[in-house]
Amino acid sequence: MNSSSAAVLFLFFLFSANPFSLSATAANEPVLDTDGEELRSGAPYYIQSTIPGAGGLELAPLYTSGGWCPKIVAQSKSTNGLAVFFNPVDSTDATVHLSTDVNIRFTGFDPYCRSSNTWRVAPYSTLPGHWWIANGGEIDNPGPQTLLTRFKIEKVKVGYKLTFCPTVCESCVTLCNDIGKYNYQNQVLLGLTKGDAWPFVFVKAFKAIEQVVEKHSE
């Protein structure tokens, strides 16, 4: 068994498992951006904190025993961060819906780590004791690696939260964990958490750029 397969199995047994359940109402409800419009597959967005001015998300290096790769999804201090694309996994619908599996990827390619910028759950990091959200996800080769790239968007009181809760099949037992933030090595990094999700909103990338231009031209 390779390390990726072992990581998936360990994830499923480490946390409390919940029976598969998917509300038809929630699954059919579209995710909305800050303009009140539906999130669209293939369109760029910034994932930003619900706290105004707290910044978006980017990739940050984190030194481990294996070197500086992969890079970890981190909070970008007071900037929009990097734009992301959402791609529904099991649907041809261009609209992104609540409680359905999506792949998330930053724009571009990571030349230093020679990897994609698709999000994934990285192998367990023993030193800080977290499952980080990292780049380097694989979505074209079915198997354990692709399972680690399946995330969901859920509605919370203010904004939305991101979860790792892959839909496998109706009779399967599946793992569900929120994605929260951790302060580590003078950075705010994203990782799996139980019940302490970080709330976000989704801003059209083009609109955010226009707002910055307008602000500097005043």
Side-chain angles (χ1 to χ4, degrees), residues 3-4 7-8 10-11 34 39 44-87 102-139 145-153 156 159-165 177-205 208-209 211-212:
S3 59
S4 296
V8 173
F10 189 53
L11 271 170
T34 52
L39 250 63
Y45 296 91
Y46 290 115
I47 301 178
Q48 296 188 338
S49 170
T50 54
I51 301 174
L57 298 176
E58 62 183 5
L59 286 170
L62 176 67
Y63 183 76
T64 65
S65 58
W68 292 98
C69 295
K71 291 179 180 174
I72 311 301
V73 180
Q75 183 178 12
S76 178
K77 299 177 181 178
S78 302
T79 69
N80 290 323
L82 298 174
V84 302
F85 294 94
F86 298 96
N87 296 300
V102 295
N103 296 135
I104 306 172
R105 65 178 176 87
F106 285 121
T107 55
F109 178 83
D110 184 353
Y112 180 81
C113 292
R114 295 180 176 273
S115 64
S116 75
N117 279 339
T118 299
W119 291 23
R120 67 184 172 99
V121 178
Y124 186 70
S125 179
T126 56
L127 183 59
H130 298 306
W131 297 89
W132 298 120
I133 307 303
N135 68 346
E138 296 183 21
I139 60 176
Q145 296 87 348
T146 58
L147 185 65
L148 294 171
T149 66
R150 292 183 174 221
F151 299 94
K152 284 185 171 70
I153 302 172
V156 293
Y160 296 91
K161 69 177 180 178
L162 298 172
T163 70
F164 175 68
C165 188
N177 284 269
D178 291 332
I179 295 178
K181 59 180 180 178
Y182 297 92
N183 292 295
Y184 186 70
Q185 292 187 358
N186 297 317
Q187 301 178 99
V188 180
L189 307 175
L190 266 60
L192 298 186
T193 183
K194 295 295 288 184
D196 191 22
W198 193 7
F200 296 99
V201 292
F202 308 104
V203 182
K204 293 186 184 71
I209 293 172
Q211 290 174 338
V212 171

Subject >> Closest non-hydrogen atom pair, Arg105 against Asn87 >> reply: NE-ND2, 3.8 Å
Subject >> Distance (rounded to the nearest 0.5 Å) between Phe85 CZ and Leu39 CG >> reply: 12.0 Å
**OP:** Taking the side chain as every heavy atom from C-beta outward, state whether Phe200 and Leu57 have any atom pair closer than 4.5 Å.
**Re:** yes
Subject >> Student check: side-chain heavy atoms of Pro199 and Tyr160 closer than 4.5 Å >> reply: no
Original post:
Out of Thr118, Val84, Asn135, which one pairs with Phe106 under the side-chain contact (heavy atoms from CB on, under 4.5 Å) rule?
Top reply: Val84
Original post:
Who pairs with Asp196 by salt bridge (charged side-chain N to carboxylate O under 4.0 Å, His left out), at least two apart in sequence or on another chain?
Top reply: none
Original post:
Is the backbone N or O of Pro61 less than 3.5 Å from a side-chain atom of Gln187, with the two atoms forming a donor-acceptor pair by type?
Top reply: yes
Original post:
Closest heavy-atom contact between Gln75 and Glu58?
Top reply: O-OE2, 3.9 Å
Original post:
To the nearest 0.5 Å, how far apart are SG in Cys165 and CZ in Phe151?
Top reply: 12.0 Å
**OP:** Quick one: closest heavy-atom pair of Ser116 and Gly137, and the distance?
**Re:** OG-O, 2.8 Å
Original post:
Hey, what's the ring geometry for Phe86 with Tyr45, parallel, tilted or perpendicular (30° and 60° as the breaks)?
Top reply: tilted
Original post:
Looking only at heavy atoms, which two atoms of Asn80 and Gln48 are closest? And how far apart?
Top reply: OD1-NE2, 2.6 Å
Original post:
Just wondering, do Trp131 and Asn177 contact through their side chains at under 4.5 Å, heavy atoms?
Top reply: no
Subject >> Leu162 vs Ile153 side-chain heavy atoms within contact, under 4.5 Å >> reply: yes
Original post:
With a 4.5 Å limit on heavy-atom distance, are the side chains of Leu189 and Ile133 in contact?
Top reply: no
Original post:
side-chain hydrogen bond (donor to acceptor under 3.5 Å, both in side chains) with Lys181: which residues, sequence neighbours excluded?
Top reply: none
Original post:
Roughly how far, to the nearest 0.5 Å, is the CD1 atom of Ile72 from the CG atom of Leu62?
Top reply: 5.0 Å
Original post:
So, for Asp178 and Lys161, which heavy atoms are closest and what is the spacing to 0.1 Å?
Top reply: OD1-NZ, 3.0 Å
Original post:
Looking at Trp132, Trp198, Tyr182, which one forms a side-chain contact (heavy atoms from CB on, under 4.5 Å) with Leu190?
Top reply: Trp198
Original post:
So how far is it from Tyr112 OH to Trp68 CH2, rounded to the nearest 0.5 Å?
Top reply: 8.0 Å
Original post:
Under 3.5 Å, is there a donor-acceptor pair between the side chain of Thr34 and the main chain of Val203?
Top reply: no
Original post:
What are the two closest non-hydrogen atoms of Arg120 and Pro70, and how far apart are they?
Top reply: NH2-CG, 3.4 Å
